[in-house]
Amino acid sequence: MDGLDPCSSLLEKARAKNIYRKEFCCYLNDKPLPIEDNTYDCAVLSGGMMEGHVPCSGLYQLARVVKPGGLVCIVMREEFLEHVQEYRDNLEPVITDLESRAIWRLASRTVVPNYFLDKNGVVFNFVKC
């Protein structure tokens, strides 16, 4: 398992626990990740979809590094779909664009009750085409 985080101190803590094979200290946004196309069987984005964090444009990079037939899993608080302007205005159009260009297809969208502090979460699972 590899890890990507823009915070070097968090990656240092993970390194001390020997969690990741490789570590990438960078942002997930519209800039190319230092990872080859079609590298991973699965990519999980958890805890990054909140105000001021991962922009919707980062989903293109996330999809790019997953192999065809692989899974992209995005976990976030459901309320952020409405309360965070970036996601309210851009998330559905980006998801639709990735689907219409046959980059991925939505496999499931699940609401998770009491995901965090009595707030619901939502899990999107996409299969890379």
Side-chain angles (χ1 to χ4, degrees):
M1 180 168 62
D2 296 347
L4 183 146
D5 198 293
C7 181
S8 60
S9 64
L10 290 178
L11 288 173
E12 281 292 327
K13 289 180 181 186
R15 186 176 300 122
K17 296 178 181 181
N18 203 25
I19 293 174
Y20 300 128
R21 179 183 57 138
K22 290 182 185 175
E23 299 159 1
F24 300 94
C25 188
C26 56
Y27 287 92
L28 178 58
N29 53 30
D30 60 342
K31 294 176 180 53
L33 292 172
I35 301 168
E36 296 292 320
D37 294 358
N38 305 318
T39 297
Y40 297 107
D41 295 312
C42 178
V44 177
L45 174 56
S46 180
M49 301 288 280
M50 62 183 70
E51 186 74 49
H53 284 66
V54 176
C56 295
S57 60
L59 301 184
Y60 293 96
Q61 285 298 308
L62 199 61
R64 181 185 64 77
V65 301
V66 173
K67 296 175 185 175
L71 181 68
V72 176
C73 178
I74 300 169
V75 183
M76 63 188 294
R77 287 171 53 178
E78 186 180 38
E79 67 183 310
F80 292 163
L81 295 172
E82 290 297 321
H83 297 158
V84 176
Q85 183 176 351
E86 169 71 13
Y87 307 135
R88 182 181 62 239
D89 297 344
N90 301 313
L91 187 58
E92 290 297 330
V94 168
I95 288 172
T96 299
D97 183 55
L98 286 161
E99 289 179 311
S100 67
R101 293 173 46 203
I103 294 172
W104 70 18
R105 67 173 176 77
L106 179 64
S108 65
R109 181 187 187 280
T110 307
V111 173
V112 180
N114 300 314
Y115 167 74
F116 181 77
L117 298 176
D118 297 326
K119 304 285 186 177
N120 289 347
V122 61
V123 179
F124 296 94
N125 287 304
F126 301 94
V127 176
K128 172 90 179 272
C129 299

Scanning both residues in full, the closest heavy-atom pair of Arg21 with Asp2 reads NH2-OD2, 2.8 Å
Going by side-chain heavy atoms closer than 4.5 Å, which hydrophobic residues are tied to Tyr27, directly or by a chain of links?
none
Which residues satisfy the side-chain contact (heavy atoms from CB on, under 4.5 Å) test with Thr39, sequence neighbours excluded?
Ile35, Glu36
For Glu12, what residues pass the side-chain contact (heavy atoms from CB on, under 4.5 Å) criterion, not counting sequence neighbours?
Arg15
Can you find a pair of side-chain heavy atoms, one from Val66 and one from Leu62, that are under 4.5 Å apart?
no
If you look only at pairs with a residue in residues 62-77, which of them pass as a side-chain hydrogen bond (donor to acceptor under 3.5 Å, both in side chains), with sequence neighbours excluded?
Asp37-Arg64, Asp41-Lys67, Gln61-Arg64, Arg77-Glu79
Leu10, Met50: one ILVMFWY side-chain cluster at the under-4.5 Å cut-off?
no
Give the intermediate values and the outcome of side chain to side chain contact (heavy atoms under 4.5 Å, CB included) for residues Leu91 and Leu59.
CA-CA 9 Å; Leu91 187 58; Leu59 301 184; 3.6 Å; yes
Looking at every heavy atom in both Ala107 and Val127, which two are closest together, and how far apart are they?
CB-CG2, 3.9 Å
According to the ring-ring contact (aromatic ring centres under 6.0 Å, His included) rule, which pairs have a member within residues 53-105, sequence neighbours left out?
Trp104-Phe126
Is there a donor-acceptor contact under 3.5 Å from the side chain of Asn125 to the main chain of Ser108?
no
Salt bridge (Lys or Arg N to Asp or Glu O under 4.0 Å) pairs, two or more places apart, involving residues 82-98:
Asp97-Arg101
Residues joined to Phe116 in its hydrophobic cluster, side chain to side chain under 4.5 Å directly or through other members, sorted by chain and number, are Val75, Val112, Tyr115, Leu117, Val123
Applying side-chain contact (heavy atoms from CB on, under 4.5 Å) to Cys25 and not counting sequence neighbours gives Ser8, Leu11
How close do Tyr20 and Ala14 get, heavy atom to heavy atom, and via which atoms?
CE1-CB, 3.6 Å
Would you list the pairs meeting salt bridge (Lys or Arg N to Asp or Glu O under 4.0 Å) in which at least one residue belongs to residues 43-62, sequence neighbours left out?
none
If you take all heavy atoms of Pro55 and Leu28, which pair is closest and at what distance?
CD-O, 3.3 Å
Is a donor on one side and an acceptor on the other found under 3.5 Å between the side chain of Glu99 and the backbone of Leu106?
yes
List the residues meeting side chain to side chain donor-acceptor pair (under 3.5 Å) with Ser100, not counting sequence neighbours, and say none if there are none.
none
Closest heavy-atom contact between Asn120 and Pro113?
OD1-CA, 3.2 Å
Please report the C-alpha distance between Met49 and Val84 in whole Å, then the side-chain angles of each, then the deciding distance to 0.1 Å, and finally whether the side chain to side chain contact (heavy atoms under 4.5 Å, CB included) criterion is met.
CA-CA 9 Å; Met49 301 288 280; Val84 176; over 6 Å; no
Pairs where residues 117-129 contributes a residue and the test salt bridge (Lys or Arg N to Asp or Glu O under 4.0 Å) is met, not counting sequence neighbours:
none
Run the side-chain contact (heavy atoms from CB on, under 4.5 Å) test against Cys26 and tell me which residues pass, sequence neighbours left out.
Leu4, Phe24, Leu33, Pro34
When hydrophobic residues are tied together by side-chain contacts of less than 4.5 Å, even through go-betweens, does Leu71 share a cluster with Ile95?
no
Ignoring hydrogens, what is the shortest heavy-atom contact between Ala102 and Cys129? Give both atom names and the distance.
O-CB, 3.0 Å
Output, in order, the C-alpha distance, side-chain angles, deciding distance and verdict of side chain to side chain contact (heavy atoms under 4.5 Å, CB included) for Val122 and Arg109.
CA-CA 7 Å; Val122 61; Arg109 181 187 187 280; 3.9 Å; yes
